[in-house]
Amino acid sequence: MRSVVFASHIAYLDDLTGCGFLVRPKPGDDIPSPSAGPSLHEADWNAIVRLLDDEGWEPIEDADRHGGPCVEGYTADGKQVIVLSGRDPVAIDLDLDDVSRSLDELHELVGLR
């Protein structure tokens with residue numbers, strides 16, 4: 001398990017299973033751009049999604065949200081947690097117990113349990 005920390009987003013990634021979560025900041029904590037550019041959260045989102053994509057990770061889309069990210073839940077302090085998928089997990093012969101253990105650890109890391 002590893003983490004990728006940006007200014008306002010944190011990704012928790014299990015390269016072995018390809019399971020991951022991205023913790024988004026609370027919308028009320030955003031800082032607008034002093035110019036006409038993106039806000040802090042928007043610029044940070046764009047940067048972390050590009051980095052994750054370069055490393056083979058992407059947010060899972062939620063069909064019910066018309067292509068928006070799949071939301072796993074919210075942390076105790078109200079931060080949204082979205083689901084990430086690794087395109088090329090290290091392990092190729094995973095069973096459901098391996099994935100379940102990975103998800104349990106991810107839930108614990110982000111504070112969903």
Side-chain angles (χ1 to χ4, degrees):
M1 205 65 66
R2 66 184 172 105
S3 59
V4 178
V5 180
F6 270 58
S8 57
H9 293 80
I10 303 172
Y12 296 93
L13 310 171
D14 183 350
D15 293 306
L16 183 67
T17 65
C19 297
F21 288 157
L22 178 63
V23 180
R24 300 183 78 177
K26 294 188 285 188
D29 293 342
D30 201 3
I31 299 172
S33 171
S35 63
S39 69
L40 170 66
H41 291 178
E42 184 180 356
D44 198 60
W45 167 264
N46 293 338
I48 198 165
V49 167
R50 273 192 311 271
L51 173 82
L52 291 171
D53 183 54
D54 288 347
E55 292 188 7
W57 291 86
E58 61 193 355
I60 293 179
E61 290 185 7
D62 186 342
D64 294 337
R65 298 187 72 213
H66 306 289
C70 181
V71 177
E72 182 72 9
Y74 292 84
T75 64
D77 62 351
K79 294 176 182 173
Q80 186 182 62
V81 178
I82 64 171
V83 182
L84 298 173
S85 176
R87 290 188 290 271
D88 296 311
V90 173
I92 55 173
D93 290 332
L94 294 171
D95 61 29
L96 289 177
D97 289 336
D98 295 326
V99 174
S100 179
R101 279 190 294 276
S102 178
L103 290 172
D104 286 344
E105 187 175 340
L106 286 164
H107 277 101
E108 189 172 320
L109 282 170
V110 300
L112 290 178
R113 288 203 181 182

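Being a predicted model, the structure only gives us computed values, none of them experimental.
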Quiz item: Given side chains that start at C-beta, do those of Pro59 and Leu22 come closer than 4.5 Å, heavy atoms only?
Solution: no

Quiz item: Distance from Ile10 atom CD1 to Ser3 atom OG, nearest 0.5 Å?
Solution: 7.0 Å

Quiz item: Who passes side-chain contact (heavy atoms from CB on, under 4.5 Å) against Pro38, sequence neighbours left out?
Solution: Glu42, Ala43

Exercise. Would you mind checking if Lys26 and Asp77 are paired as a salt bridge, meaning a charged N to carboxylate O distance below 4.0 Å?
Key: no

Quiz item: Mind checking whether Ile60 and Val23 sit in one hydrophobic cluster, side chains of I, L, V, M, F, W, Y counted as touching below 4.5 Å?
Solution: yes

Quiz item: Do NZ/NE/NH1/NH2 and the carboxylate oxygens of Asp53 and Arg87 come within less than 4.0 Å?
Solution: yes

Practice problem: Taking all heavy atoms of Cys70 and all of Asp62, pick out the closest pair and write down the distance. | Solution: CA-CB, 3.7 Å

Quiz item: Can you tell if the side chain of Ser8 reaches within under 4.5 Å of the side chain of Asp29, non-hydrogen atoms only?
Solution: no

Quiz item: If you round to the nearest 0.5 Å, how far is CG of Asp15 from OG1 of Thr17?
Solution: 8.5 Å

Self-check item: Connected via hydrophobic side-chain network under 4.5 Å: Leu16 and Leu52
Solution: no

Quiz item: Are Phe21 and Met1 linked, directly or through other ILVMFWY residues, by side chains that come within less than 4.5 angstrom of each other?
Solution: yes

Quiz prompt | His9 and Trp45 aromatic ring geometry - parallel, tilted or perpendicular at 30°/60° bounds | solution = tilted

Practice problem: Work out which heavy atom in Arg24 is nearest to a heavy atom in Pro69; give both atom names and the distance. | Solution: NH1-CG, 4.2 Å

Exercise. State which residues pass ring pair (Phe, Tyr, Trp, His ring centres under 6.0 Å) with Tyr12; sequence neighbours excluded, sorted by chain then number.
Key: none

Exercise. Please collect all salt bridge (Lys or Arg N to Asp or Glu O under 4.0 Å) contacts where either partner lies in residues 91-103, sequence neighbours excluded, each pair once.
Key: Asp98-Arg101

Quiz item: Short question: side chain of Asp14, backbone of Ser102 - any donor-acceptor pair under 3.5 Å?
Solution: no

Practice problem: Could you check if a side-chain atom of Leu106 sits within less than 4.5 angstrom of a side-chain atom of Val110, using non-hydrogen atoms only? | Solution: no

Quiz item: If you look at every heavy atom in Val4 and Leu13, which pair is closest and at what distance?
Solution: CG2-CD1, 3.9 Å

Self-check item: Same cluster (ILVMFWY, side-chain, under 4.5 Å), Leu51 and Trp57
Solution: yes

Quiz prompt | Shortest non-hydrogen contact between Leu40 and Asp30, atoms and distance | solution = N-OD1, 3.4 Å

Quiz prompt | CG/Asp88: more than 12 non-hydrogen atoms of other groups inside 6.0 Å | solution = no

Quiz item: Closest heavy-atom contact between Leu112 and Gly73?
Solution: CD2-C, 4.0 Å

